[in-house]
2 protein chains.
Amino acid sequence: MNIGDVSNQTGLPAKTIRYYEDIGLVKPLRDDNGYRRFRSQDVHKLNFLGRARALGFTIEDCRTLMALYEDETRASADVKKVARAHMAQIEAKIADLNAMRDTLGHLIDACAGDDRPDCPILQDLGGKT
Amino acid sequence: MNIGDVSNQTGLPAKTIRYYEDIGLVKPLRDDNGYRRFRSQDVHKLNFLGRARALGFTIEDCRTLMALYEDETRASADVKKVARAHMAQIEAKIADLNAMRDTLGHLIDACAGDDRPDCPILQDLGGKT
DNA sequence: CTTGACCTTCCCGTGACTGGAACCCCCATT
DNA sequence: AATGGGGGTTCCAGTCACGGGAAGGTCAAG
């Protein structure tokens, strides 16, 4: 399979696939003409990566998870540890965003949104006084 | 005031303040020795920027908001529009993160986290079969 | 033989900074 | 007068995970 087919199968842009090769996440073979040739195991890896990325894991996490995936003697505890660390990051981000949403929501509600210049949003950003 | 004092007053790193000058958000004067000299209005602007950034507004949004802040003839509707667009971004991000959290949460719960290799997290990433 | 769809590499840009190097300035102490 | 330390300055590189686009090689069809 060439990169275009792989891209269609996995949903990953060709650019991304090349990038993953660059950083050593996938190692497709090469045809005589220089084209990348992907075996089914490469496609499988790329699907794995796509799903892990969709869950928000960083590339480095993906590297770790891939290594664990391929290590038959892994302990599930190691996987869970990575997942839980990532979970904590996600929850921290959600908390931040919720705080922003709440503050911003109040300000938006308080703003008339008409053609007059008075605006609680700007007042707040300007320091309220 | 020198940049260090401004940094203390605003809580913004000196690096950030220099960056904001670089991209034209703030225009401090210069002393003869080349040091930046910040007037109170500069400090006020920086506080404004700090608060806007803390609410997650992009730098370009901040630029827009600053312009509106300084325009006495603004319409609050214009401010509200920017704020609502940002709000939509925040909510979209929260939705994404919530979906990740839910999926990841189920997987984590299903994972024994012991020294055996069986792991639903990896199974899911690998395509479940 | 040419067209057009692929593929290749390479380099730059993204956003909002952060780190670090190399250097200047000012004040106080020895 | 030299030195030390704590300011300040510029500029360059790196972050993260790609995306855009240029310049060029390859391949199957008409």
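What you see is a predicted model; the values in this text were computed from it and never measured. Below, chains carry the letters A, B, ... as their sequence lines are ordered, and counting in each starts from 1. What's counted below: heavy atoms across the whole structure, side chains too, no hydrogens, waters or symmetry copies.
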Next item on the list: Could you tell me whether the phosphate oxygens of dC18(D), OP1 or OP2, come under 4.0 Å of any side-chain nitrogen or oxygen in Tyr20(A)?
Entry: yes

Check: Can you check the Glu60(A) CD to dC16(D) P distance for me, whole Å?
Finding: 8 Å

Check: So, is Asn33(A) near the phosphate of dC27(D), with a side-chain N or O under 4.0 Å from OP1 or OP2?
Finding: yes

Next item on the list: Answer yes or no: does a side-chain N or O of Thr16(B) lie under 4.0 Å from OP1 or OP2 of dT18(C)?
Entry: yes

Notebook entry, point to check: To the nearest Å, how far apart are Asn2(B) CG and dC25(C) C1'?
Noted result: 11 Å

Notebook entry, point to check: Just how far, in rounded Å, is P of dG8(D) from CZ of Arg30(B)?
Noted result: 12 Å

Note to self: Classify Ile3(B) by what it touches in the nucleic acid, base, sugar-phosphate, or nothing, heavy-atom distance under 4.0 Å.
What the structure shows: sugar-phosphate

Next item on the list: Hey, which sits more toward the 5' end of DNA chain C by its nearest nucleotide, Pro13(B) or Arg37(A)?
Entry: Arg37(A)

Next item on the list: Report the distance from atom OH of Tyr35(A) to atom C1' of dC6(C), rounded to the nearest whole Å.
Entry: 5 Å

Next item on the list: Send over the distance from Leu29(B) CG to dT9(D) P, rounded to a whole Å.
Entry: 13 Å

Item checked: Under-4.0 Å side-chain N/O to phosphate OP1/OP2 contact, Arg36(B) with dC25(C) -> no

Checklist line | No-hydrogen, no-angle side-chain donor-acceptor test under 3.5 Å, Ser76(B) and Asp114(A) | finding: yes

Notebook entry, point to check: In Å and rounded to the nearest 0.5 Å, what is the OH to CG distance from Tyr69(B) to Leu125(A)?
Noted result: 8.5 Å

Check: Looking at Arg18(A) and Glu21(A), does any basic side-chain N land under 4.0 Å from a carboxylate oxygen?
Finding: no

Item checked: Qualifying residue for side-chain hydrogen bond (donor to acceptor under 3.5 Å, both in side chains) with Arg37(B), from Asp42(B), Asn2(B), Asp31(B), Asp32(B) -> Asp31(B)

Next item on the list: Could you check how far CD of Gln89(A) sits from P of dC16(D), rounded to whole Å?
Entry: 13 Å

Next item on the list: Measure from NZ on Lys15(B) to P on dG20(C) and round the result to the nearest Å.
Entry: 10 Å

Next item on the list: Look at Lys81(A) together with Asp78(A) and state whether they make a salt bridge at an N to O cut-off of under 4.0 Å.
Entry: no

Check: Counting just side-chain N and O atoms, does Arg53(B) come under 4.0 Å of either OP1 or OP2 of dC17(C)?
Finding: yes

Next item on the list: Take atom CG of Leu49(B) and atom C1' of dA16(C), then tell me their distance rounded to the nearest Å.
Entry: 13 Å

